[in-house]
Amino acid sequence: MVEIKTDTALESMREAGRVVAQALAAARETAAVGVRLRELDEAAHTVLTKAGARSPFLGYRPAFAPTPFPAVICASVNDAVVHGIPNDYRLRDGDLVSIDCGAELDGWTGDAAISFTVGTARPADVALIAATQQALDAGIAAATVGHRIGDIAYAISTVAREAACGMPSDFGGHGIGRRMHEDPHVPNFGRPGRGFPLRHGLTLAIEPMLMAGGHNDYRTDPDGWTLRTIDGSRAAHIEHTVAITDDGPRILTLL
């Protein structure tokens with residue numbers, strides 16, 4: 001069932017989204033050469049705790065996962081696309097890092113992701129991150145009343161194709177609100193004019209994941225969580241929680 005949120009609920013989701021943005025900012029500020037991924041998770045966790053928010057990631061166990069997720073952020077490095085588990089890996093000069101984080105506050109949820117480089121950036125990584133941001137921007141621009149989910153998916157996939165990037169074929173965005181994952185599914189591939197109609201009060205997590213090698217296939221690590229490119233090429237993941245409104249798309253996960 002798809003829940004259409006009231007304007008009051010959207011304001012509550014905005015507060016949850018603000019906490020997500022603050023947690024992501026803290027993780028990014030902590031990231032530096034030699035810093036462990038676990039330290040990024042600790043920085044984000046501190047923000048959630050101070051805000052009185054709960055992590056929807058910590059302990060989350062979808063059907064595909066062999067174990068509950070053990071952290072409040074996903075930390076995916078270089079060829080890891082999404083769902084990386086923050087561990088004792090120390091960041092190296094030139095690493096490409098994607099951080100995904102959620103927060104539940106007063107019964108409402110926000111979810112967002114960022115990608116950035118550590119130390120000396122490779123030009124190809126800068127271009128990949130820029131293309132991923134462009135894909136997200138295009139998806140958000142299509143998230144207007146009167147459009148459909150397929151319009152968002154088509155906008156994202158058009159940018160990915162133009163950048164010669166692949167995307168995981170069976171992963172995408174999702175509805176969000178009282179829970180992190182709600183209906184409808186928001187694929188990153190689709191045809192315009194198809195799918196669930198967009199109306200005021202619908203809230204979606206829109207999240208392109210671009211893989212530089214151009215393939216749509218991926219492999220899963222033995223941990224059952226981390227998705228990696230099949231060719232070792234690098235990946236980027238950027239996400240926002242967005243409300244469809246009569247005044248246009250409203251990003252709820254900004255500072």
Side-chain angles (χ1 to χ4, degrees), residues 13-14 16-28 31 40-41 44 47-48 53 55-57 60 62 69 71-77 80-84 86 96-104 108-116 128-143 149 152-153 155-157 159-160 163 165-168 170-177 179-190 202-211 218 225-227 234-244 249-255:
M13 289 187 66
R14 175 69 181 103
R18 200 185 313 275
V19 174
V20 173
Q22 292 167 349
L24 287 171
R28 182 168 188 168
L40 276 57
D41 183 68
V47 171
L48 297 185
S55 168
F57 287 23
Y60 179 60
F69 196 76
V72 304
I73 64 169
C74 297
S76 306
V77 180
V81 186
V82 287
H83 302 163
L96 194 167
V97 184
S98 297
I99 304 294
D100 193 354
C101 184
E104 181 184 301
W108 296 98
T109 308
D111 185 12
I114 57 174
S115 287
F116 56 91
L128 177 62
I129 293 171
T132 308
Q133 182 65 61
Q134 184 183 354
L136 176 60
D137 292 344
I140 293 173
I149 292 291
I152 297 174
I156 290 171
S157 62
V159 173
C165 290
M167 293 188 290
D170 51 355
F171 280 85
H174 49 89
I176 185 170
R179 301 185 313 279
M180 180 170 59
H181 290 139
E182 297 182 348
D183 291 332
H185 176 59
V186 185
N188 288 328
F189 300 89
L202 178 65
T203 47
L204 305 172
I206 302 174
E207 49 178 324
M209 312 158 197
L210 270 61
M211 302 186 290
Y218 58 88
W225 279 100
T226 309
L227 273 56
R234 295 195 167 192
H237 173 212
I238 308 180
E239 174 186 15
H240 271 306
T241 295
V242 179
I244 314 301
R250 180 185 180 191
I251 301 174
L252 302 179
T253 40
L254 296 172
L255 285 172

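Predicted model, so just to flag it, every value in this text is computed and none were measured. Nothing fancy with the numbering, it's 1 onward along the sequence.
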To check you understand the geometry: which heavy-atom pair defines the closest contact between [X] and [Y], and what is its length?
X	Y	result
A53	A103	CB-CB, 4.3 Å
A16	W108	CB-O, 3.5 Å
P168	M209	CD-O, 3.4 Å
G190	A153	N-CB, 3.6 Å
A23	V47	N-CG1, 3.7 Å
F116	A31	CE1-CB, 3.6 Å

So [Y] and [X], do their side chains get closer than 4.5 Å, heavy atoms only?
X	Y	answer
P187	I149	yes
T132	S115	no
M167	L210	yes
P86	I73	yes
F69	C74	yes
C165	L128	yes

Atom pair [atom1] ([X]) and [atom2] ([Y]), whose distance is rounded to the nearest 0.5 Å:
X	Y	atom1	atom2	answer
D41	I99	CG	CD1	9.0 Å
I152	I206	CD1	CD1	4.5 Å
T241	L254	OG1	CG	10.0 Å
T253	I114	OG1	CD1	11.0 Å
R234	S76	CZ	OG	13.0 Å
D100	L24	CG	CG	7.5 Å

For this session: Look at the side chain of N188 and the backbone N and O of G172, then say whether any donor-acceptor pair between them is shorter than 3.5 Å.
Result: no
For this session: Could you tell me if the ring centre of F171 sits under 6.0 Å from that of H237?
Result: no
For this session: Could I get the full list of ring-ring contact (aromatic ring centres under 6.0 Å, His included) partners for Y60, not counting sequence neighbours?
Result: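 Here the qualifying residues are H181.
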Problem set entry | CA sep, side-chain torsions, deciding dist, call: T226, Y218, side-chain contact (heavy atoms from CB on, under 4.5 Å) | CA-CA 10 Å; T226 309; Y218 58 88; over 6 Å; no
For this session: Starting from the C-alpha separation in whole Å, work towards a yes-or-no answer on side-chain contact (heavy atoms from CB on, under 4.5 Å) for D111 and H174.
Result: CA-CA 10 Å; D111 185 12; H174 49 89; 3.2 Å; yes
Exercise. Knowing that exactly one of I176, V72, T109 qualifies, which makes a side-chain contact (heavy atoms from CB on, under 4.5 Å) with P56?
Worked result: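 Of all the options given, the one that passes is T109.
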Problem set entry | For R250, salt bridge (Lys or Arg N to Asp or Glu O under 4.0 Å) partners two or more places apart | E11
Exercise. Do H240 and L252 pass the side-chain contact (heavy atoms from CB on, under 4.5 Å) test, and can you show the C-alpha distance, the side-chain angles, and the key distance before you say yes or no?
Worked result: CA-CA 7 Å; H240 271 306; L252 302 179; over 6 Å; no
